[in-house]
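Heads up: the structure comes next, in structure tokens.
What you are looking at is a predicted structure, and each value in this text was computed from that prediction instead of being measured. Positions are given from 1, in the same order as the sequence printed here.
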Amino acid sequence: TSRVDKLRKKWNISASKTVIMLPGRLTRLKGHSILINAISQMEHTGFICLFVGDNHGNTSYQNELETLIKKLKLEKTIQLVGGCNDMPAAYQLADIVISASIKPESFGRISCEAQAMNCLVVATNHGGTKEVLSPSQQLFLCEPNNSQAMYQALTKALTTPSKEQATIFKQSRKYIEANFSLDKMCHDTLAIYQTEADKKL
């Protein structure tokens, strides 16, 4: 779509490259350096990795990431593109979305959104993320705070045949619609209120 093309042009992404994306604010919790170290172990000619998120004034952490990228000679492979106000288009541009949080998060929103947008999800195996991943995506779970484990999971995602990917996308979308849609959330929330109200009768 034109929105996706606009982002592709803005971020200077070649249409021939596989796009790996780590969405989220620039904070140590999100595990950017784990992903950088994982990518440093790979043959990195066929893909580009985008860190999509604002630094919210945390320039020292951003500088730290940029220094590590430079040290590992990954300037052409990993880009910090800043925040994005059209995340649906960003997810559409992505092939693989990373959730590399080093501490458990209460709800894996990135993993949820990415599955709904036909992306493979490489995620750390803890917190809410485990609960929101469809069984078909759990192939790509990896140990938190471990760049070697992240490298292995990412390699697995990059080498998944397109036919298998299509099946994963279909199952993931179905899983998200069944468990995390707005209708489902409203229905479950109202059911809790009703149960509590019934207890008072």
What is the distance from atom [atom1] of [X] to atom [atom2] of [Y], rounded to the nearest 0.5 Å?
X      : Y      : atom1 : atom2 : result
Lys17  : Arg8   : NZ    : CZ    : 12.5 Å
Thr129 : Ile110 : OG1   : CD1   : 8.5 Å
Met117 : Ile176 : CE    : CD1   : 12.5 Å
Leu50  : Thr77  : CG    : OG1   : 11.0 Å
Cys119 : Gln92  : SG    : CD    : 9.0 Å
Glu105 : Ser111 : CD    : OG    : 9.0 Å

- Task: Identify the residue among Asn37, Leu35, Ile39 that makes a side chain to side chain contact (heavy atoms under 4.5 Å, CB included) with Ser147.
- Result: Asn37
Any chain of hydrophobic side-chain contacts (each under 4.5 Å) joining [X] to [Y]?
X      : Y      : answer
Trp11  : Ile48  : yes
Val121 : Met150 : no
Ile168 : Leu154 : yes
Leu158 : Leu141 : no

- Message: Less than 4.0 angstrom from a charged side-chain N to a carboxylate O is my criterion; do Arg25 and Asp54 meet it?
- Response: no
- Query: Going by side-chain heavy atoms closer than 4.5 Å, which hydrophobic residues are tied to Leu29, directly or by a chain of links?
  - Reply: none
Listed partners of [X] passing salt bridge (charged side-chain N to carboxylate O under 4.0 Å, His left out), at least two apart:
X      : answer
Arg173 : Glu177
Asp95  : none
Arg109 : Glu113
Glu66  : none

Determine yes or no for a side-chain-to-main-chain donor-acceptor pair under 3.5 angstrom, with [X] supplying the side chain and [Y] the backbone.
X      : Y      : result
Lys30  : Ala100 : no
Gln137 : Val132 : no
Glu164 : Thr160 : no
Thr124 : Ser101 : yes
Gln138 : Leu133 : yes

Side chain to side chain, [X] and [Y], heavy atoms closer than 4.5 Å:
X      : Y     : answer
Ile96  : Phe47 : no
Gln148 : Gln41 : yes
Leu74  : Ser40 : yes
Val52  : Met87 : yes
Cys49  : Ile78 : yes
Ile36  : Phe51 : yes
Arg3   : Pro88 : yes
Asn55  : Leu80 : no

- Message: Using side-chain contact (heavy atoms from CB on, under 4.5 Å), reason through Asn58 and Leu26 one step at a time and then give a plain yes or no.
- Response: CA-CA 7 Å; Asn58 192 355; Leu26 291 187; 5.8 Å; no
- Message: Per the ring-ring contact (aromatic ring centres under 6.0 Å, His included) rule, what does the pair list look like for residues 55-79, sequence neighbours excluded?
- Response: His32-Tyr61
- Message: Quick one, Val97 with Leu120, criterion side-chain contact (heavy atoms from CB on, under 4.5 Å). Give me CA distance, side-chain angles, the key distance, then yes/no.
- Response: CA-CA 6 Å; Val97 169; Leu120 296 182; over 6 Å; no
Distance-minimising heavy-atom pair for [X] and [Y]:
X      : Y      : result
Cys142 : Ala149 : CB-O, 3.5 Å
Ile102 : Gly31  : CG2-CA, 3.9 Å
Gln79  : Asn12  : NE2-O, 4.5 Å
Pro104 : His126 : N-CE1, 3.5 Å
Phe140 : Ala153 : O-CB, 3.6 Å
Leu7   : Ala90  : CD1-N, 3.5 Å

- Test side-chain contact (heavy atoms from CB on, under 4.5 Å) applied to Arg28 and Glu64, step by step: CA-CA 10 Å; Arg28 209 171 295 281; Glu64 193 182 308; 2.8 Å; yes
